[in-house]
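We name chains A, B, ... by the order of the sequence lines, and we start the count at 1 in each one.
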Protein chains: 2
Amino acid sequence: MSGCPVEATLSVIGGKWKIVILWRLARGTMRFNELQRAISPITRKMLTEQLRELESDNLIVRTVYPVVPPKVEYSLSEYGKTFIPVMQSMAQWGLVHLERNA
Amino acid sequence: MSGCPVEATLSVIGGKWKIVILWRLARGTMRFNELQRAISPITRKMLTEQLRELESDNLIVRTVYPVVPPKVEYSLSEYGKTFIPVMQSMAQWGLVHLERNA
DNA sequence: TGACATAGTACCCAAAAAGTAACTGTAAGG
DNA sequence: CCTTACAGTTACTTTTTGGGTACTATGTCA
């Protein structure tokens with residue numbers, strides 16, 4: 001919107017849960033309910049919304065298996081993987097921050 | 001809250017404008033109205049709130065000069081400066097993202 | 001026959017975040 | 001004497017966000 005790179009990043013990961021979701025998926029593919037349990041107390045509604053947005057930004061890939069009960073897997077796209085270094089630098093700083101405020 | 005380093009980082013910079021403010025201050029000290037003009041359309045209220053929170057997290061320093069009209073300067077604290085690399089990696093990724101979606 | 005599991009959607013309401021407008025004090029400049 | 005500048009604060013309204021509940025489909029298991 002503004003052309004500022006930092007704001008561009010924020011617009012993609014601005015959602016309350018997006019980075020947490022991406023951070024989980026960085027460790028590997030997960031199913032919907034798996035994500036929900038991992039990130040609790042996120043609600044199904046919020047999880048769905050955030051996943052849809054991440055998908056439309058091409059950061060994650062949604063794979064539906066036509067089975068019953070339904071099976072849907074989420075994973076980072078190749079593009080989404082380019083975001084891992086950013087999250088790593090966040091994690092590193094967060095670690096220091098946690099120690100500092102311990 | 002959760003002990004997750006990424007979430008810890010998010011809790012500090014979660015405000016809508018915080019990173020933008022920090023990113024500005026990374027280039028140097030700024031006065032209140034200077035910041036407001038630079039970050040428009042942020043409102044005075046929001047700017048005040050975000051600055052106060054950043055200050056109480058010790059990321060920025062507020063310096064008041066007892067003159068009329070008032071003069072208040074904001075700058076990154078030493079601790080705040082440790083966040084610059086994180087913002088740089090965000091900016092880098094944002095640049096690629098902007099090009100990709102150009 | 002009936003419950004269970006998965007991955008959602010639809011709708012309504014409450015809470016939180018953000019915006020708006022008016023007000024503060026004081027000195028300088030016209 | 002009236003206006004402008006700065007750096008806010010306060011009260012009120014609006015918008016956005018998030019939560020709760022109920023509902024969907026259908027194959028398997030008991």
Side-chain angles (χ1 to χ4, degrees), chain A residues 1-2 4 6-7 10-25 28-57 59-77, chain B residues 1-2 4 7 9-25 28-57 59-77:
Chain A
M1 191 152 259
S2 71
C4 166
V6 170
E7 288 181 59
L10 287 177
S11 75
V12 172
I13 52 134
K16 193 178 177 185
W17 304 97
K18 287 193 187 166
I19 297 191
V20 181
I21 293 171
L22 291 175
W23 190 232
R24 284 279 162 184
L25 294 181
T29 296
M30 290 181 90
R31 297 179 62 175
F32 185 88
N33 274 7
E34 245 181 319
L35 272 170
Q36 205 203 333
R37 279 188 288 267
I39 305 181
S40 74
I42 195 173
T43 59
R44 281 190 303 279
K45 181 190 165 194
M46 286 311 311
L47 183 54
T48 304
E49 280 177 16
Q50 305 279 298
L51 287 171
R52 294 288 178 275
E53 289 179 25
L54 288 169
E55 197 194 352
S56 76
D57 281 325
L59 290 167
I60 63 173
V61 176
R62 179 170 179 264
T63 312
V64 182
Y65 297 88
V67 296
V68 167
K71 178 177 177 183
V72 180
E73 282 185 348
Y74 293 91
S75 53
L76 290 191
S77 66
Chain B
M1 193 153 255
S2 69
C4 167
E7 289 182 57
T9 301
L10 288 177
S11 74
V12 171
I13 52 134
K16 192 180 177 184
W17 304 97
K18 288 195 187 165
I19 298 190
V20 182
I21 293 171
L22 292 175
W23 189 231
R24 285 279 163 182
L25 294 182
T29 297
M30 288 181 91
R31 298 179 61 175
F32 184 88
N33 275 7
E34 244 182 321
L35 272 170
Q36 205 203 332
R37 278 188 289 266
I39 305 180
S40 74
I42 194 174
T43 60
R44 281 190 301 280
K45 182 192 162 196
M46 284 312 308
L47 183 54
T48 305
E49 280 177 16
Q50 304 278 297
L51 287 170
R52 293 286 179 277
E53 289 178 27
L54 288 169
E55 197 194 351
S56 76
D57 280 325
L59 290 167
I60 63 173
V61 176
R62 179 170 178 265
T63 313
V64 182
Y65 297 87
V67 295
V68 168
K71 178 176 176 183
V72 180
E73 282 185 347
Y74 293 90
S75 53
L76 290 191
S77 67

**Report entry** Flag side-chain contact, heavy atom, 4.5 Å: Leu47(B) against Ile21(B)
**Finding:**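 Yes. Closest side-chain heavy atoms under 4.5 Å.
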Please report the distance, rounded to the nearest Å, between [atom1] in [X] and [atom2] in [N].
{"X": "Met30(A)", "N": "dT6(C)", "atom1": "CE", "atom2": "P", "answer": "13 Å"}
{"X": "Glu55(A)", "N": "dA7(C)", "atom1": "CD", "atom2": "C1'", "answer": "14 Å"}
{"X": "Leu51(A)", "N": "dG8(C)", "atom1": "CG", "atom2": "P", "answer": "8 Å"}

Query - Interatomic spacing from CD in Gln50(B) to CD1 in Ile39(B) - rounded to 0.5 Å - result: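 CD1 of Ile39(B) is found 9.5 Å from CD of Gln50(B).
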Query raised in the report: How long is the gap from CH2 on Trp17(A) to OG1 on Thr43(A), to the nearest 0.5 Å?
Result: 8.0 Å
Query raised in the report: Contact boundaries of DNA chain D with chain A (under 4.0 Å, heavy atoms), 5' to 3'?
Result: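 The contacted stretch runs from dG18(D) to dG27(D).
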Requested in this report: Determine which pairs satisfy salt bridge (Lys or Arg N to Asp or Glu O under 4.0 Å) with at least one residue from residues 40-53 of chain B, sequence neighbours left out, and list them in order.
Outcome: Lys18(B)-Glu53(B)
Query raised in the report: For DNA chain D, which residues in residues 66-73 of chain B have a heavy atom at a distance below 4.0 Å?
Result: Pro69(B), Pro70(B), Lys71(B), Val72(B)
Query raised in the report: Hey, does Tyr65(A) reach any base, or is it just sugar-phosphate, or nothing, if we go heavy atoms under 4.0 Å?
Result: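 Answer is nothing: Tyr65(A) stays at 4.0 Å or more from every strand.
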Query raised in the report: Looking at residues at least two apart in the chain, or sitting in another chain, which of them share a side-chain contact (heavy atoms from CB on, under 4.5 Å) with Val12(B)?
Result: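 Checked Val12(B) against side-chain contact (heavy atoms from CB on, under 4.5 Å); matches are Trp93(A), His97(A), Asp57(B), Leu59(B).
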**Report entry** side-chain contact (heavy atoms from CB on, under 4.5 Å) involving Val6(A) - partner list, sequence neighbours excluded
**Finding:**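 Residues passing side-chain contact (heavy atoms from CB on, under 4.5 Å) with Val6(A): Cys4(A), Leu10(A), Ile19(B), Trp23(B), Ala91(B).
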Requested in this report: Any side-chain hydrogen bond (donor to acceptor under 3.5 Å, both in side chains) involving residues 61-73 of chain B? Give me the pairs, sequence neighbours left out, ordered by first then second residue.
Outcome: Arg62(B)-Tyr74(B), Tyr65(B)-Glu73(B)
**Report entry** Nearest heavy atoms of Thr29(A) and Ser75(A), plus distance in Å
**Finding:**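 Heavy atoms of Thr29(A) and Ser75(A) come nearest at OG1-CB, 3.3 Å.
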Query raised in the report: Which pair of heavy atoms, one from Leu51(B) and one from Ile60(B), lies closest together, and at what distance?
Result: O-CD1, 3.5 Å
Which pairs would a plain distance check flag for residues 30-38 of chain B, meaning a side-chain donor or acceptor within less than 3.5 Å of a matching protein atom at least two apart in sequence or in another chain?
from, atom 1, to, atom 2, distance (Å)
Arg31(B), NH2, Pro70(B), O, 3.3
Glu34(B), OE1, Arg31(B), N, 2.8
Gln36(B), NE2, Ile42(B), O, 3.4

Report summary line: B/S/- along nucleotides 14-21 of chain C (protein heavy atoms under 4.0 Å) is ----BBB-
